[in-house]
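Owing to the predicted nature of the structure, the values given are computational and were not obtained by experimental measurement. Proteins come first, then strands; the chains are lettered A, B, ... in the order of their sequence lines, and each starts at number 1.
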2 protein chains.
Amino acid sequence: MGASKSDHFTDEQNELSTLFKALGHPARIAIIQQILETKSCVCGDLVQKFPLSQATISQHLKELKSANIIQGTIEGNSICYCLNPETLNKISSAISIFIEAEKCKGTRCC
Amino acid sequence: MGASKSDHFTDEQNELSTLFKALGHPARIAIIQQILETKSCVCGDLVQKFPLSQATISQHLKELKSANIIQGTIEGNSICYCLNPETLNKISSAISIFIEAEKCKGTRCC
DNA sequence: TTAATATATCGTAATATTGCAATATTGTTT
DNA sequence: AAACAATATTGCAATATTACGATATATTAA
């Protein structure tokens, strides 16, 4: 059968891959960069910046939000999104662990 | 229409998201961890370790390889995979840039 | 060369993601 | 209240991913 997430993996593996997957779309990278670039946390400016519909952008925001990569707070009748440093740190340290482990490997074949 | 990668994004955005996407599956995280854990670079041991068919694992390895996250060298009649530190560093610094940019933001709303 | 072992690829079915128009919701203003 | 603005959700159609059996390819051993 097809593409089922599977529970054959550890919680850590599932959590990590969920984070990476959320970052695995150019629009979502672009959204993150845009949020970082603008001094004030952007919201619907994104719709004007990118060649995507409002519905599509809202969906991408939702995915980033549910992965805890961004968080939004209501401001007037628009919503203000920021990055969540905690989650970024989580990702960062996972990669660091990979890098360290690779360095410490005695036997190398490639 | 549906899910098309789109060329509305910068090369950087596309490259980055491709890397993250490659990490966006628990099996591929598990494979990376397994490669790091075993002293000698593993190969088909993965097939025994995980509840996935040989074809499926080979496919996941291919994706990691084409994203340059791992590299394999032929050793006897098996193949030995290692992580590619360069690519890991690329990912790491991208995340670091996000973290730094977030820190430097004067105006915060959440 | 033949048999055995290890990995890759093909074909296909199941499932997930992406994108958008239309619509609903939520908050603001008048 | 009604009208407006911003964001979210729903319902699809198009496309991509995932998984695996079957088969192909490559290297080693006999």
Side-chain donor-acceptor contacts of residues 92-100 of chain A below 3.5 Å, not counting sequence neighbours, with atom names and distances?
from: A:S93; atom 1: OG; to: A:N89; atom 2: O; distance (Å): 3.4
from: A:S93; atom 1: OG; to: A:K90; atom 2: O; distance (Å): 3.2
from: A:S96; atom 1: OG; to: A:S92; atom 2: O; distance (Å): 3.0
from: A:E100; atom 1: OE2; to: A:K103; atom 2: NZ; distance (Å): 3.4

- Pair listing, salt bridge (Lys or Arg N to Asp or Glu O under 4.0 Å) test, anchored in residues 53-64 of chain B, at least two apart: B:R28-B:E63
Protein-nucleotides 28-30 of chain C N/O pairs under 3.5 Å:
none

- Side chains of A:H60 and A:L64 in contact at under 4.5 Å (non-hydrogen atoms): no
- Using atom types as modelled and distance alone, determine if a side-chain donor or acceptor of B:S78 lies under 3.5 Å from a backbone N or O of B:I74. no
- Query: Does any N or O in the side chain of A:S58 come within less than 3.5 Å of the main-chain N or O of A:Q54, such that one atom is a donor and the other an acceptor?
  - Reply: no
- Query: Would you call A:H25 and B:F20 a side-chain contact if the rule is heavy atoms closer than 4.5 Å?
  - Reply: no
- Would you say the side chains of A:Q13 and A:T10 form a donor-acceptor pair under 3.5 Å? yes
- Message: On DNA chain C, does the nearest nucleotide to A:I74 precede the nearest nucleotide to A:H60 from the 5' side, or the other way round? Give the residue.
- Response: A:H60
- Message: Near DNA chain C, counting only heavy atoms under 4.0 Å, which residues of residues 64-72 of chain B show up?
- Response: B:K65
- Query: How long is the line joining CD of B:E63 and C1' of D:dA16, in whole Å?
  - Reply: 10 Å
- Task: Kindly indicate whether the side chain of B:N84, heavy atoms from C-beta on, has any atom under 4.5 Å from the side chain of B:I70.
- Result: no
Below 3.5 Å between N/O atoms, which protein atoms pair up with nucleotides 21-25 of chain C? Just atom names and distances, please.
none

- Query: Does A:K21 put a side-chain nitrogen or oxygen below 4.0 Å from OP1 or OP2 of C:dT17?
  - Reply: yes
- Query: How about A:V47 and A:L52: do any of their side-chain heavy atoms sit closer than 4.5 Å?
  - Reply: no
- Query: Quick one: side chain to side chain donor-acceptor pair (under 3.5 Å) partners of B:Q59, sequence neighbours excluded?
  - Reply: none
